[in-house]
Student: 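This is the structure I want to talk about, given as structure tokens.
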Protein chains: 2
Amino acid sequence: MQSFTEENYLKTIYNLASKQQGEVSTNALAEMTATKAASVTDMLRKLADKQLIHYKKYQGVRLTEEGERLALQIIRRHRLWEVFLVQKLGFGWDEVHEMAEELEHIRSEELVVRLDTFLGHPQFDPHGDPIPTPTGQMPEMGYRKLSDAVAGEAVCLRAVMEHSTEFLQHLNHSGLTLGSIVTVSEINAFDKSVLVQIGNDRTVFVSHEVAKNLLVS
Amino acid sequence: MQSFTEENYLKTIYNLASKQQGEVSTNALAEMTATKAASVTDMLRKLADKQLIHYKKYQGVRLTEEGERLALQIIRRHRLWEVFLVQKLGFGWDEVHEMAEELEHIRSEELVVRLDTFLGHPQFDPHGDPIPTPTGQMPEMGYRKLSDAVAGEAVCLRAVMEHSTEFLQHLNHSGLTLGSIVTVSEINAFDKSVLVQIGNDRTVFVSHEVAKNLLVS
DNA sequence: ATAAAAATTTAGGCAAGCCTAAATTTTTAG
DNA sequence: CTAAAAATTTAGGCTTGCCTAAATTTTTAT
């Protein structure tokens, strides 16, 4: 059985690894867990002892098969709770991250099974992220970033890669919601910002920084 | 802000105090929290420093007004989650205690408000215990113990004072459910066990140990 | 009333997770 | 290629909440 803290490290390693090539660095983990690098090193030694990560000093870290299984279990719980908070309790998608961070650690296999059934076996969380299967498979969606679309393309907004309240409220404000069809009408050659038309309605400005965090298909 | 552990002590002090006269003892707390008396003493000093309890060495402990307010907040959360687990997820009343022990510590005022609304503002948890109001009042029910009923009396089963899986499964087995009307047909003078008829159906044997933990009106 | 028993507290320690400062290794820039 | 910069690890410490053993206080039984 892992501690609350160990679970958070596993989840964070998975999330960082899925956004990059190769091993996850100590510093990246320190930033994500809001701790210092020295603390991360302590924990990595511990997780390596438990065979949950592959770790060589100074060389970064990668989950073992068992570590990945556990990480996906935690991510599954996190995403199911987010669906609950939004669909059943009526929270906004910008309000649920912190609560789900706590709920994901509730220790009961049966609870997850029943919650999943209660929610109707959802495939995606409110941010468009796929929910890992009970057996620990992460569905591969093959989305692209909006920032990689070319002028004239019409794409469907599928997911967001950033879950902060500020970012999501900014999207609310722009009228960008998951499932909308947006057409890229213009790409600024200098700052790579884009103008997109939402459906047949208004056209909004999207900075490159934001477009990089929007997944489309 | 209190730690997970501090919250558990406050809740436990409240629960013990409500079942007895006067101050709560160190030993009683040690038993309930599954720790040793020395550990309890440490925590009592800490809670006293925070003005959450009245504490004089060797003299037991009692919640301050603020301590009671916090305790009732935690108990409210615990009982609302129990309702959720039973009514929405379909767990048995004998399965939910452990999970609610964890869920009660989720830190979000808004979550409690929305959960309460989602559940339809329930008055009682699955064990028949009243749910404290949002403002921190514990409804006074004035129930008696079944063990205090006299022969011939017909009473309604309202609540259980023991939440262990074993106890509740024993009740399931006996067919004793909350809301049933039971008639005391016989009281054994030697061991104080009682025979009760459930509605107009079967008559079951109830030991004094069990009858002491059943609240009726 | 007092000695034994029970309850409680104090003293000193341990593990988990965090920290800072210093040492080490790796990476980068010139 | 090498020196400086950056990243990482080690060393030593802190806090929380727990423990055991010993000391103290309260309660109980004679």
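Letters A, B, ... are given to chains in the order of the sequence lines, protein chains preceding strands, and every chain is numbered from 1.
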Student: Does OP1 or OP2 of D:dA6 have a side-chain N or O of A:Asn27 closer than 4.0 Å?
Tutor: no
Student: Between C:dC19, C:dT26, C:dA7, which one does the side chain of A:Tyr58 approach most closely?
Tutor: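 Selected nucleotide (nearest to the side chain): C:dT26.
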Student: Base, sugar-phosphate or nothing for B:Thr35? Non-hydrogen atoms, less than 4.0 Å.
Tutor: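 Contact class for B:Thr35: sugar-phosphate only.
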Student: Output yes when at least one side-chain N/O atom of A:Lys36 is less than 4.0 Å from OP1 or OP2 of C:dA21, else no.
Tutor: no
Student: Nearest to the A:Thr26 side chain among D:dA7, D:dT9, D:dT20, which nucleotide is it?
Tutor: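 Among the listed nucleotides, the one closest to the side chain of A:Thr26 is D:dT9.
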Student: With both distances under 3.5 angstrom, what nucleotide forms a Watson-Crick or G-U wobble pair with D:dT15?
Tutor: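 Partner of D:dT15: C:dA16.
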Student: Choose from D:dA21, D:dT9, D:dC18 the nucleotide whose nearest atom is closest to any side-chain atom of B:Ala38.
Tutor: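 Looking only at side-chain atoms, B:Ala38 lies closest to D:dA21.
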Student: Taking atom types as modelled, find out whether A:Glu162 and A:Ser164 have a side-chain donor-acceptor pair closer than 3.5 angstrom.
Tutor: yes
Student: Just wondering, more than 12 heavy atoms not from B:Gln51 lying within 6.0 Å of its CD?
Tutor: no
Student: Among C:dT9, C:dC18, C:dT8, find the nucleotide with the atom closest to the side chain of B:Lys57.
Tutor: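 The answer is C:dT9, which lies nearest to the side chain.
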Student: So, does B:Thr41 get its side chain near the phosphate of C:dT9, meaning an N or O under 4.0 Å from OP1 or OP2?
Tutor: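 Looking at the OP1 and OP2 atoms of C:dT9, one of them is under 4.0 Å from a side-chain N or O of B:Thr41.
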Student: Go through D:dA21, D:dT8, C:dC18 for me and flag the one nearest to the A:Tyr9 side chain.
Tutor: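 In terms of side-chain proximity for A:Tyr9, the closest of D:dA21, D:dT8, C:dC18 is C:dC18.
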Student: By nearest atom, which of the nucleotides D:dT9, C:dC18, D:dC18 is closest to the A:Met43 side chain?
Tutor: C:dC18
Student: What's the closest nucleotide to the A:Ser25 side chain, out of D:dC18, D:dT8, C:dT8?
Tutor: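 The answer is D:dT8.
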Student: Provide the Watson-Crick or G-U wobble partner of D:dT20, both distances under 3.5 Å; none if there is no partner.
Tutor: C:dA11
Student: Just wondering, are more than 12 heavy atoms of other shown residues or ligands nearer than 6.0 Å to NZ in A:Lys50?
Tutor: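 Counting neighbours around NZ of A:Lys50, more than 12 heavy atoms of other residues, nucleotides or ligands fall under 6.0 Å, so yes.
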Student: Atom CZ of A:Arg45 and atom P of C:dA16: how far apart are they, to the nearest Å?
Tutor: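 Those two atoms, CZ and P, are 10 Å apart.
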Student: Got a salt bridge between A:Arg69 and A:Glu66, using NZ or NE/NH1/NH2 to carboxylate O under 4.0 Å?
Tutor: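 Result for this pair is yes, salt bridge flagged.
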Student: Using a strict cut-off of less than 4.0 Å between a Lys/Arg side-chain nitrogen and an Asp/Glu carboxylate oxygen, indicate whether B:Lys11 and B:Glu104 qualify as a salt bridge.
Tutor: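 Answer for the salt bridge query: yes.
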